[in-house]
Amino acid sequence: MSDFRIKDFLDRLGSLGLLFSATRMADGSIRLNQWRGINYYDNEDEIRTIWSEAMTGHESRAQDIARYVELTQSRARPLKAA
């Protein structure tokens, strides 16, 4: 059993300048998008190390992260017709 916590992982990377969003694709898969924040380049080596340690040997983890991001990202609410 793994002690990997997606929220902690994303929070740690987010504080270093790597942010994520998710996009549902036409085939039903979920694409994990990475966005570089303003302090990303100051922390690039640390981010790459954290990413590599978490993802190496865990092929399905990226989809788990994408599903979590999709479920938790804020969504625009449709406007109600008057």
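- For Trp51, the side chain to side chain donor-acceptor pair (under 3.5 Å) test picks out no residue, with sequence neighbours left out.
- For Ala22 against Ala66, the heavy-atom pair with the smallest separation is CB-O, 3.6 Å.
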Would you give me the side-chain donor-acceptor pairs under 3.5 Å for residues 38-46, sequence neighbours excluded?
from	atom 1	to	atom 2	distance (Å)
Asn39	ND2	Ser15	O	3.3
Asn43	ND2	Leu16	O	3.0
Asn43	ND2	Asn39	O	3.0
Glu44	OE2	Arg48	NE	3.3
Glu44	OE2	Arg48	NH2	2.8

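- The salt bridge (charged side-chain N to carboxylate O under 4.0 Å, His left out) check on Arg67 picks up Asp64, with sequence neighbours excluded.
- There is no path of hydrophobic side-chain contacts, each under 4.5 Å, that joins Leu19 to Ile30.
- Under the rule for a salt bridge (charged side-chain N to carboxylate O under 4.0 Å, His left out), Arg12 has no partner lying at least two apart in sequence or in another chain.
- Between Met55 and Ile65 there is a side-chain heavy-atom pair separated by less than 4.5 Å.
- How far OG of Ser21 is from CD of Glu70: 10.5 Å, rounded to the nearest 0.5 Å.
- Heavy atoms from other residues, nucleotides or ligands lying under 6.0 Å from CZ of Arg31 number 12 at most.
- With rounding to the nearest 0.5 Å, the separation of CG in Asn33 from CD in Gln73 is 8.5 Å.
- With rounding to the nearest 0.5 angstrom, the CD atom of Glu59 is 10.0 Å from the CZ atom of Arg61.
- Residues passing the side-chain contact (heavy atoms from CB on, under 4.5 Å) test with Thr49 are Glu53, sequence neighbours excluded.
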Sequence neighbours excluded and cut-off under 3.5 Å, please list the side-chain donor-acceptor pairs for residues 4-11, or say none.
from	atom 1	to	atom 2	distance (Å)
Lys7	NZ	Asp11	OD2	2.7

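- A 4.5 Å side-chain heavy-atom check between Phe20 and Leu32 finds at least one atom pair inside the cut-off.
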